[in-house]
2 protein chains.
Amino acid sequence: MNIGEIARRAGVSRSTVSYALSGRRSVSPETKQRIQAVIDEIGYRPNAAARALKEGRTRTLGLVIPPASLRLTDMQLGFVASVVEAAARADLDVLLSPSGGDHDRSFERIVSGRRVDGVLLMEIRLEDERVGRLRQAGLPFVTIGHTADPHGTSWIDVDYAGLVARCVHHLADLGHRTIALLNRSPELLAAGYGPAHRAQAGFAEAVRQRGLSGIELPCADDPAAGEEWLEQLREHHPDVTAVTTVNEAAMPGLQRGIERLGVAVPGELSIAGVAARHWAEGFRPQLTAADVPALEMGSHAVELLLERIATPTHPHRHLLLAPPISLRDSTGPARPD
Amino acid sequence: MNIGEIARRAGVSRSTVSYALSGRRSVSPETKQRIQAVIDEIGYRPNAAARALKEGRTRTLGLVIPPASLRLTDMQLGFVASVVEAAARADLDVLLSPSGGDHDRSFERIVSGRRVDGVLLMEIRLEDERVGRLRQAGLPFVTIGHTADPHGTSWIDVDYAGLVARCVHHLADLGHRTIALLNRSPELLAAGYGPAHRAQAGFAEAVRQRGLSGIELPCADDPAAGEEWLEQLREHHPDVTAVTTVNEAAMPGLQRGIERLGVAVPGELSIAGVAARHWAEGFRPQLTAADVPALEMGSHAVELLLERIATPTHPHRHLLLAPPISLRDSTGPARPD
DNA sequence: AGCGGTAGTCGAATCGATTCGGAGTCGGCC
DNA sequence: GGCCGACTCCGAATCGATTCGACTACCGCT
């Protein structure tokens, strides 16, 4: 079931079969038809390895994901799925590599074995050695999130700073004067995780601009912590009338806390945040939030990467996504003091 | 940076380099060392495509996932991650293919392009044409879940029937006489989705055995539906004192309903189910449940597949996982009528 | 001394595709 | 009639590895 077999059955040479398939040289309609008939009968497809060897490209993209031990967030999951679909639309396959920062075998195999034409790097850290490795290998890549030096690479990211700021402004417009930030876990913050840092920065800046008082109370990335967080907030900061959240994982706990403590939302407490749409809509009351466009991000990332593969010398492009805030039911005027 | 370059720099022939690397023939310690030095300096790795072409194997596994449009469940996600890690441990890469039942390009490319050495098929349906396609292509595969004819294939699955039955028995032991099943969505049931069917069958059988009355109330796979489901249950089946659930996606809604309606668990209503551990532990009160071992399933599936790749003629093996029920806080004695 | 065996190395074939150079045929045009 | 170009097609080289057969050198044994 190789090209030679097709050629034999169609009574032509191998090169003719190849040209008939690729269309790079003209082949008479009759032979083309004869070849196609044989192919349809046998169900032939060119061997991917042979083609990759000759052409020097694999028609495969590498997607470097965080290791399974760190549970993927819902948003990351959506991103992976959308990358795979976007790649499939371009007739490309996706090779997965679980990699925790330190160079590991899987990552090395993909990069130096030239198994892929380009790489998407998820969960990038501010200083990330994998970037250097890819650059050295001359492999096109796009990062999801950006590094300390944003100019040397192509990346796509969510504008957490801007989105959190928008939330704060929205809440301030409603008359709230004391706002709390429910950020990602202190561990991530300490590890230099970009989104957590930028959320913090955006919050601080917006609070300053509007002359509000901003409360930052640390919270781990899980439901139990979210519930606990709300209790702490009620106890130690009773004057807080609004919350901005970027912590999806803590939301179920937040929800539970609201129900259990009988907090009226938005009557007593307004909540605005950054979350995937289905999280926001699944919340009660439905959450006013900037809907993180995980699915769009996947296809944008693939697009960016394809562009780099096609023209590696092009200047780098950056996409900072700032989806609008969808007004739902969790924000309202501040309660009078 | 190919093997010829290494050979030239080390002053030996290409074959010697290859033998030094593979160890299939003896190479003198001195030349071996010289070759290794060159390799370390250049950072050489054999080209994956060339090797795949010659060896006839790609050192890659294919993982066929449901398309992104159907949101992956938490358990499926965990499974994907664990497959990737298990494969990485065996120095194998994983190629993703999103495929919704009907033969699509991505699936065809992987199969007939011989891009992988074996395939893991997720979300299999009772009648699944992909199985026939793989068999015809002579590609080893393992299915996650089993088809109508379970003997012709190797598969791994969760014993939903057994687990649901266990839940029912546990609840019956506690004195419950009227039990409801919170199954997967009617659409899945209609589509012949195995887990939903087997949950239903296991429930019916256990209920019959114990002479209980079993309630089946359909519920979609999302939080809002879960909340609605509980309302319906309370309204139309007030005599139900216990629930068995296999619907993870509906759980947040169930939780919310419990809080909002003020249902005492387990005082008024006992709940036992099948769910990933962190879902069960995230529930309030913590859920008595059979913890679906998504992470183990991944490595088991890879193991099974590697076995089939190594010895394709071996008789098929099947793994039906039935994890024990972990007693937590959501089940208790039936309330007296 | 002659012979067999082994360790170490090389050259060439091979995997299955793509692609370049060239060869043959045919028609049109001067 | 001869030449040029277009249209078809073929043969051979090539991509980068693995592997088989063969060759040399050296050792030990009779």
Side-chain angles (χ1 to χ4, degrees), chain A residues 1-36 38-39 42-60 91 93 109-117 137-138, chain B residues 1-36 38-39 42-60 91 93 109-117 137-138:
Chain A
M1 55 299 267
N2 55 18
I3 200 175
E5 182 62 23
I6 305 295
R8 200 169 317 122
R9 301 210 191 195
V12 296
S13 77
R14 301 198 323 227
S15 49
T16 303
V17 175
S18 180
Y19 285 125
L21 249 37
S22 70
R24 290 185 197 280
R25 280 197 190 175
S26 59
V27 172
S28 76
E30 305 90 62
T31 43
K32 199 180 282 187
Q33 198 176 345
R34 196 149 28 96
I35 290 171
Q36 193 57 51
V38 175
I39 287 179
I42 313 285
Y44 162 81
R45 289 223 161 203
N47 178 295
R51 189 197 282 237
L53 176 58
K54 185 62 177 91
E55 288 188 334
R57 66 194 192 113
T58 59
R59 299 163 188 266
T60 305
D91 278 332
D93 289 314
R109 205 169 42 232
I110 286 181
V111 172
S112 44
R114 312 242 75 147
R115 296 195 63 118
V116 298
D117 296 334
Chain B
M1 55 301 269
N2 56 19
I3 200 174
E5 183 62 23
I6 305 295
R8 199 170 315 120
R9 301 209 191 195
V12 295
S13 77
R14 302 202 320 238
S15 49
T16 301
V17 175
S18 179
Y19 286 125
L21 248 39
S22 69
R24 289 185 199 279
R25 281 197 190 173
S26 57
V27 172
S28 76
E30 305 90 61
T31 41
K32 199 179 283 186
Q33 198 176 345
R34 195 146 32 95
I35 290 170
Q36 193 56 52
V38 175
I39 287 178
I42 312 285
Y44 163 81
R45 288 225 162 202
N47 179 294
R51 187 195 281 233
L53 175 58
K54 185 63 177 84
E55 289 188 333
R57 65 193 192 115
T58 58
R59 298 161 189 268
T60 305
D91 278 332
D93 289 314
R109 206 169 41 233
I110 285 182
V111 173
S112 44
R114 311 241 72 144
R115 296 195 62 119
V116 297
D117 297 333

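Every chain is numbered from 1, with letters handed out A, B, ... down the list of sequences.
- The list of side chain to side chain donor-acceptor pair (under 3.5 Å) pairs with a residue in residues 17-29 of chain B, not counting sequence neighbours, reads B/S28-B/T31.
- The minimum heavy-atom distance between B/R45 and A/R109, with the atom names listed, is NH1-CA, 4.2 Å.
- A pairwise comparison of heavy atoms in A/A50 and B/L53 identifies CB-CD1, 3.8 Å as the closest pair.
- At a non-hydrogen distance threshold of 4.0 Å, B/A50, B/R51, B/L53, B/K54 from residues 48-58 of chain B come into contact with DNA chain D.
- Taking a 6.0 Å sphere around CD of A/E55, one finds it holds more than 12 heavy atoms contributed by other residues, nucleotides or ligands.
- Residue-level contact check: A/R24 touches the backbone only, with heavy atoms under 4.0 Å from sugar-phosphate atoms and none from bases.
- Comparing the start and finish of the helix from C/dA1-D/dT30 to C/dC30-D/dG1, five pairs each, the helix axis swings through 60°, to the nearest 10 degrees.
- Few gaps surround CD on B/E5; more than 12 heavy atoms of other groups in view lie less than 6.0 Å from it.
- At a threshold of 4.5 Å between non-hydrogen side-chain atoms, the residues B/I3 and B/L21 do not count as touching.
- Here the closest heavy-atom approach between residue A/P46 and residue A/R51 is recorded as CG-NH2, 2.6 Å.
- Within the 4.0 angstrom heavy-atom criterion, no nucleotide atom of any strand lies near A/S22.
- In this structure, A/Q33 CD and A/I35 CD1 are separated by 11.0 Å, a value rounded to the nearest 0.5 Å.
- For DNA chain C, the span of nucleotides reached by chain A at under 4.0 Å from its heavy atoms goes, 5' to 3', from C/dG16 to C/dG22.
- Along DNA chain D, the nucleotide nearest to A/V27 and the one nearest to B/N47 differ in position, and the one closer to the 5' end is contacted by A/V27.
- Between the A/T58 side chain and the A/R115 main chain, a donor and an acceptor come within less than 3.5 Å of each other.
- Side-chain contact between A/D91 and A/R59 is absent, with no heavy atoms from C-beta onward closer than 4.5 Å.
- Against DNA chain D, the stretch residues 10-21 of chain B makes heavy-atom approaches under 4.0 Å through B/R14, B/S15, B/S18, B/Y19.
- At least one side-chain nitrogen or oxygen of A/S26 sits closer than 4.0 Å to the OP1 or OP2 atom of D/dT8.
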* For B/N2 and B/N47, what are the C-alpha separation, side-chain angles and deciding distance, and is it a side-chain contact (heavy atoms from CB on, under 4.5 Å)? -> CA-CA 7 Å; B/N2 56 19; B/N47 179 294; over 6 Å; no

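- For A/R34 and A/E30, the salt-bridge test fails: no basic side-chain N is under 4.0 Å from an acidic carboxylate O.
- A/K32 pairs by the side chain to side chain contact (heavy atoms under 4.5 Å, CB included) definition with A/A20, A/V27, not counting sequence neighbours.
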